[in-house]
Amino acid sequence: MSSPLLALRQLVKNYGGVRALRGVDFDLHAGEVHALLGENGAGKSTLIKIVTGAHAPDGGTISLAGQPVANLTPASARALGIACIYQQPALFPDLTVAENLALRLDATSAHARVDWTARRARTTALLDRIGAAIAPDTEVRALSMPEQQLVEIACALGSGARIVIMDEPTASLTQKEQHLLYAVVRDLRKNGVGVIYISHRLEEIFALADRVTVLRDGQSVGTHAVGDINEAGLIRLMVGREVAQIYPTAESAPGAPVLSLRGVGCTASGVHDVSFDVRAGEIFGLGGLVGAGRTELARILFGLTPADSGQITLAGETLHLRSPQDAVAHGIAYVPEDRRRHGVVLELPIAQNITMAVHRKLFPTTWLRFGAERALALDYIRDLAVKCAGPDAPGGSLSGGNQQKIALARWLATRPKLLILDEPTQGVDIGAKSEIHKIIRRLAQEGLAVILISSDLPEVIGMSDRIGVMAHGTLRAILPGGSDPHTVMAAALGTAA
Amino acid sequence: MSTAAHAPASSNRYRRDWRALLTRHEMLLLYVLIAEWLFFYFAGTSTNRRGIIVGFGTWDRQFDILRHSCEIGLLALALTPVIITAGIDLSVGSLLGLCAILFGKLWHDAGLSIPVAIGLTLGIGALAGALNAILITALRLPPLIVTLGTYSLFRGLAEAITRGSITYTDFPEAFLFIGQERWLGLPTQAWVFLSVALAIGLLVHRTTYGRAFRTIGLAPEGARYAGLPVERRLALVYVLAGLIAAIAAIIYTARLGQAKADAGSGYELFAITAVVLGGTSIFGGKGTIPGTLLGVAAIAVLKNGLACLPVVMRLNAAEEMSGLFTGALLLAALTASVLPKILSNLRSRRHTATQSTSTLSP
């Protein structure tokens, strides 16, 4: 066999203390659809970012058609025939399809006359090739998401791409659109293009791919021809690890239900028919894939996107949560997923970040009491073992794990009844991670009801007393803590377990 | 060091605070103000009412500067919280004009007593601010556009009410006392200005409201996620701005003894200049009331001082010169505040450029 179109050898990438890729090998041949599979955080995105030149690897080699490539940049990757189609197309919404294609494909100078006829003709030709019925003069804003993806594919074709990367291209497509996309992918393969296909939908991989590589914890755990492996085998590869970490366990049984959801939904955020209870002292894990509706559910419970159906009861009281102020007033706390945008105000001192949600309690006359604020901040810095220069240091001076502790401290200071944690250990190094786990368990032990949203499968299984698995905006299953990872993954993927 | 003696455990922290204090923006501005004053003290002359040449350093002149900076100073105080929330209010100058006219009308045409007319005018100012607030918070329109609209609207109303020709005059002596006389040694209106400065200073620096303004300016989404009442706090700063613009309108009328539709036109831009010169970030989150007061003072001294430079007097170009130098001062202050960051950026860019000069191999 000739040398592969793309060969990655021993690729390594670290983000701070997090080892995103630790020696990955990957081959892609011309005329092949090679699926890439793995849990959230397994390293798929990092791999793509390296191949498209967005991030530089810390180690390993990249070869294109046998030639080693160094210092890949986004521009040089494009010039070398590598194109990537993201889940969210990156087109200019106010320009027409033809203009968008021209921007990507033409390197004309500012003085050259625009040949509109040629532009339109080329756009039509490229769109025809993939069977897309889109007029070249349509503004991209007017196109649906799948149509925009088709335009992206046309761009890739027009640039003469030899390697096309598709990152969950069918996530937002209807069944009919999916089949159109499959046809396009098969057509690309027939024309000798190598396709790296990332998807969570196993049936799609079996329908489309020639080979599949599974990533787990930044390592490749096997490449198989799709004929040689079945769904169960793939799931085993995705999750099949020993639970490496020791999680703190519950020492007492949970108490009475604190939170009850009955048929809760919100049309705007796509959540529907969610029902479960969380007891005092219980950690209720919410597992599922990215986009399953877990954060959307948390936003409903925190009043950010109010529910439009169902009933939310907290400590026996039926709630109508219209705003975060409502939620805070009723004793609900939410540590958000996007720590830097929503969790900690990086420019403000640690003390101000910690007291932000308790202004009313700490400063009942609205006059600031700097001494009391400092004392409260010091209490939490000590209690949660935050490593910092002092309560006056800005939030941005802390590491990810310590920022997360500040975000947690802000909500503990409100003495909540229900604590919702959204990806509390994402981007946090191993040491701080296990510290945060211990804190969460201790809080539950003290009688707090905790909802733990996590995409880290071992974490959600290891930490939770019960696990709710979400898929497509609703709760699919409630499993006991310490469940078999395969069962959880199967529920999250929506395949019958 | 006496501070260290009081708190030996944290002497290091205090020493660092001292150094930070001496180099912070407000201190730099204070140095500029002192330099300006000394320059005009030695270079400036002026003629008094009797035609006798007097210097810049007289008490009369200092009070004159203070008297003339009260209205723009009040608008700058109104704008500081607004800009701290990363907003803007362009309508305060026009609102000053509208309030002045309405005050004149309430007193002259409706026959109300001066105190009642003042009370009603302040209410109208707050209502006009509430209009801005509703458009900005309830409809989520951008503050720049909303207040650009009310900037024209308020001025247009003032001109429509007076049909461009009516000027209210002949206010009673007791009212003119506010704008033209002294009380307890200072120009009367200075007491109003200083009281508002104290109140806004306490609000911004010593209460949870100020905390909320700052947090909203830095991270509006973060503030929402922390359960802060973002809309209500934003509404408050615009209502306050309207109220203070109305106070400025009363003082303006009392100083000039007349209410005209063009009162305060262009003042909003001087006020914004003073606020930004005082170290408030136009992107929000950063800013102090002492800084704003220094910014107002730096502009007022410059304007007044230029007018008594012999060369400027000979050319009869005080207005032009004050515009030119105010602009230069603002740009210099802004440049000085971003220079360290730009220099360090340049240094790091050169560093990465040398790193990635090795090109692609195939």
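Chain A is the first sequence line, chain B the second, and so forth, proteins listed ahead of strands; every chain is numbered from 1.
Only the side chain of A:T355 comes within less than 4.5 Å of a heavy atom in chain B; its backbone stays farther off. Looking at A:R360, only its side chain comes within 4.5 Å of chain B, counting heavy atoms on both sides.
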Quiz item: After noting the C-alpha distance and the side-chain angles of B:R206 and A:R369, does the key distance pass the side chain to side chain contact (heavy atoms under 4.5 Å, CB included) rule?
Solution: CA-CA 8 Å; B:R206 286 288 182 274; A:R369 299 187 302 145; over 6 Å; no
Self-check item: Derivation and outcome, side chain to side chain contact (heavy atoms under 4.5 Å, CB included), residues B:Y209 and A:H359
Solution: CA-CA 10 Å; B:Y209 293 96; A:H359 280 177; over 6 Å; no
Quiz item: Can you check side chain to side chain contact (heavy atoms under 4.5 Å, CB included) on B:L202 and A:W367, steps first, answer last?
Solution: CA-CA 9 Å; B:L202 289 173; A:W367 292 105; 4.0 Å; yes
Exercise. Verify side chain to side chain contact (heavy atoms under 4.5 Å, CB included) between A:E373 and B:R211, making sure each step is shown before the conclusion.
Key: CA-CA 13 Å; A:E373 171 165 77; B:R211 275 287 171 79; 2.7 Å; yes
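Across all non-hydrogen atoms, the minimal contact from B:H205 to A:L368 is O-CD1, 3.8 Å. The two residues A:P324 and B:G227 make their nearest non-hydrogen contact at CB-CA, 4.0 Å.
Annotation: the span from B:E221 atom CD to A:R341 atom CZ amounts to 6.0 Å, rounded to 0.5 Å. Within the model, atoms CD of A:Q352 and CZ of B:R214 stand 8.0 Å from one another, a figure rounded to the nearest 0.5 Å.
Summarising the local packing, CZ of A:F370 is surrounded by more than 12 heavy atoms from other residues, nucleotides or ligands at distances under 6.0 Å.
The side chain to side chain contact (heavy atoms under 4.5 Å, CB included) test with B:Y225 is passed by exactly one of A:R299, A:R410, A:M356: A:R299.
Ranking B:P220, B:G210, B:A226 against chain A, the residue ahead of the rest is B:A226, based on heavy-atom pairs under 4.5 Å.
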